[in-house]
2 protein chains.
Amino acid sequence: MAETTRRNHPYSGVIAKLKQAGLRPTRQRIALAKLLFENEDRHVSAEDLHEEARAASVSVSLATIYNTLHQFSELGLMREVVVEAGRSYFDTNTDDHHHFFHEHSGQLEDIPSDQINVAEMPSAPPGTSVSRVDVIVRVSGSAD
Amino acid sequence: MAETTRRNHPYSGVIAKLKQAGLRPTRQRIALAKLLFENEDRHVSAEDLHEEARAASVSVSLATIYNTLHQFSELGLMREVVVEAGRSYFDTNTDDHHHFFHEHSGQLEDIPSDQINVAEMPSAPPGTSVSRVDVIVRVSGSAD
DNA sequence: TTCTCATTTTAGAATTGTTCTAATCCATTG
DNA sequence: CAATGGATTAGAACAATTCTAAAATGAGAA
Ligand SMILES: [Mn+2]
Ligand SMILES: [Mn+2]
Ligand SMILES: [Zn+2]
Ligand SMILES: [Zn+2]
């Protein structure tokens with residue numbers, strides 16, 4: 001169905017997604033959503049996406065890139081991942097999963113949640129509740 | 001022995017530590033090492049430590065705070081922990097352990113490694129080796 | 001001791017990633 | 001269409017960190 005829809009009306013996939021999330025399908029949001037969601041799952045920084053938009057001749061300001069990434073994240077369409085001080089990554093994979101972080105390249109790689117198992121978690125400190133558990137496996141090239 | 005040494009020569013503890021690490025025991029490094037290592041394990045940001053030094057009437061520039069935290073980390077005297085984009089924390093606990101991150105206060109709290117168990121780790125991607133595994137349990141106050 | 005020199009520290013400028021502002025633009029609705 | 005509230009934007013502002021190059025200082029030699 002998503003297939004058919006996409007073939008007949010090239011934009012309706014992301015437009016529907018945006019509307020469902022309660023966001024106006026503006027030119028910029030549609031273009032960014034296409035870049036983000038009509039490909040494989042990705043991990044992008046704001047600059048990455050800005051550059052990618054430019055490369056695709058989509059004119060969007062950096063402020064809008066940030067606005068959009070934050071809105072998409074708040075609405076659960078994607079999520080923010082922090083691995084390096086001073087730079088945020090945004091992840092289009094919203095499934096429960098973890099990450100390899102390649103220290104030399106700065107790339108993130110998914111670890112599906114069934115390939116890792118965090119057991120014997122201590123209980124959350126009094127008065128708090130767990131909002132998320134992140135496992136980051138930092139790897140470096142063997143040549144390093 | 002550390003006890004006796006410390007009683008007789010108040011600075012020799014950290015001085016020895018610095019020398020052993022191959023660092024000249026300068027006034028600034030001695031003062032910062034005392035603040036960092038002669039108390040319980042801590043998680044500090046550069047600004048935190050700068051402020052703490054000022055409070056203790058130790059005159060140290062912010063540049064030196066950064067230099068020192070990085071040197072100490074590179075030499076294995078402490079380690080850097082990244083939980084929020086845009087701010088680094090430095091951890092005086094060099095044991096293998098993980099963290100609760102209190103989202104409301106920005107505080108880190110240790111989880112001893114025997115209280116958590118990361119099992120069934122996938123093997124590192126070809127050509128890489130694991131340099132570290134970080135588990136961050138993000139918690140928010142139940143009132144949030 | 002004093003001298004010497006490499007190491008360290010420093011103030012302030014520069015850089016980086018991100019957020020803010022307030023003017024303009026545009027999607028939606030009637 | 002016209003009205004209007006939300007969205008976008010350029011550029012300024014901001015916060016954390018790094019850089020620079022000049023001044024200070026620790027440590028060993030004389
Ligand atoms: Mn990047
Ligand atoms: Mn702090
Ligand atoms: Zn991911
Ligand atoms: Zn810790």
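Model, not experiment: these values are computed from the prediction. In what follows, every chain begins at residue 1, and chains take the letters A, B, ... in the order their sequences are listed.
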Quiz item: Got a sec, which residues hit ring-ring contact (aromatic ring centres under 6.0 Å, His included) with A:Phe37, two or more places apart in sequence or on another chain?
Solution: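 Per chain and number, A:Phe37 pairs via ring-ring contact (aromatic ring centres under 6.0 Å, His included) with A:Phe72.
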Quiz item: ring-ring contact (aromatic ring centres under 6.0 Å, His included) with B:Phe101: which residues, sequence neighbours excluded?
Solution: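 ring-ring contact (aromatic ring centres under 6.0 Å, His included) list for B:Phe101, sorted by chain: empty.
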Does [X] share a hydrophobic cluster with [Y], counting links as ILVMFWY side-chain heavy atoms below 4.5 Å and allowing steps through other members?
{"X": "B:Leu108", "Y": "A:Val82", "result": "no"}
{"X": "B:Ile15", "Y": "B:Leu32", "result": "yes"}
{"X": "B:Phe90", "Y": "B:Phe100", "result": "no"}

Starting at [atom1] of [X] and ending at [atom2] of [N], how long is that distance when rounded to a whole Å?
{"X": "A:Ile30", "N": "D:dG6", "atom1": "CD1", "atom2": "C1'", "answer": "15 Å"}
{"X": "B:Phe90", "N": "D:dA16", "atom1": "CZ", "atom2": "P", "answer": "13 Å"}
{"X": "A:Glu74", "N": "C:dT19", "atom1": "CD", "atom2": "P", "answer": "11 Å"}
{"X": "A:His50", "N": "D:dG11", "atom1": "NE2", "atom2": "P", "answer": "13 Å"}
{"X": "B:Arg87", "N": "D:dA16", "atom1": "CZ", "atom2": "P", "answer": "4 Å"}
{"X": "A:Glu51", "N": "C:dT16", "atom1": "CD", "atom2": "P", "answer": "16 Å"}
{"X": "A:Leu18", "N": "C:dT28", "atom1": "CG", "atom2": "P", "answer": "11 Å"}
{"X": "B:Ile65", "N": "D:dA15", "atom1": "CD1", "atom2": "C1'", "answer": "17 Å"}

Practice problem: Take the C1' atoms of the five end pairs on each side of the helix from C:dT1-D:dA30 to C:dG30-D:dC1, get both axes, and report the angle to 10 degrees. | Solution: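 Angle reported: 20°, given to the nearest ten degrees.
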Quiz item: Tell me the ring-ring contact (aromatic ring centres under 6.0 Å, His included) pairs involving residues 106-134 of chain B, sequence neighbours left out?
Solution: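 Residue pairs passing ring-ring contact (aromatic ring centres under 6.0 Å, His included), neighbours aside: none found.
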Practice problem: Summarise how protein sits on nucleotides 21-30 of chain D as a single string, 5' to 3': B when a protein heavy atom is under 4.0 Å from the base, S for sugar-phosphate-only contact, - for no contact. | Solution: -----BS---
Quiz prompt | Phosphate OP1/OP2 of C:dT7 contacted by B:Arg29 side-chain N/O (<4.0 Å) | solution =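 Indeed not, no polar side-chain atom of B:Arg29 lies that close.
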Quiz prompt | Ion pair B:Glu38/B:Lys17, N-O distance below 4.0 Å | solution =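 So B:Glu38 does not pair with B:Lys17 through a salt bridge.
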Quiz item: Between A:His99 and A:Asp91, do the side chains contain an N or O donor and an N or O acceptor separated by less than 3.5 Å?
Solution: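 Yes, a side-chain donor-acceptor pair sits under 3.5 Å.
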Give every donor-acceptor pair under 3.5 Å between a side-chain atom in residues 74-81 of chain A and any protein atom, sequence neighbours left out.
unit_1, atom_1, unit_2, atom_2, d
A:Arg79, NH1, A:Asp95, O, 3.4
A:Arg79, NH2, A:His97, O, 3.1
A:Glu80, OE2, A:Ser88, OG, 2.6

Which residues pass the side chain to side chain contact (heavy atoms under 4.5 Å, CB included) test with [X], sequence neighbours left out?
{"X": "A:Arg24", "answer": "A:Thr26, A:Arg29"}
{"X": "B:Ser113", "answer": "B:Asp96"}
{"X": "A:Ser105", "answer": "A:His102, A:Gln107"}

Self-check item: Positions of residues 66-73 of chain A (non-hydrogen atom under 4.0 Å from DNA chain C), listed by number
Solution: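 Within this stretch, A:Tyr66, A:His70 sit under 4.0 Å of the strand.
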Practice problem: Please work out which residues in residues 57-64 of chain A have a non-hydrogen atom less than 4.0 Å from an atom of DNA chain C and list them by number. | Solution: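 Going residue by residue through residues 57-64 of chain A, the ones with a heavy atom under 4.0 Å of DNA chain C turn out to be A:Leu62, A:Ala63.
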Quiz item: Got a donor-acceptor contact below 3.5 angstrom from the B:His50 side chain to the B:Ala46 backbone?
Solution: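 The answer is no, because no donor-acceptor pair under 3.5 Å joins these two groups.
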Quiz item: Please, which pairs that meet side-chain hydrogen bond (donor to acceptor under 3.5 Å, both in side chains) have at least one residue in residues 119-133 of chain A, sequence neighbours excluded?
Solution: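 Only A:Glu120-B:Asn117, A:Ser131-B:Glu103, A:Arg132-A:Asp134 qualify under side-chain hydrogen bond (donor to acceptor under 3.5 Å, both in side chains).
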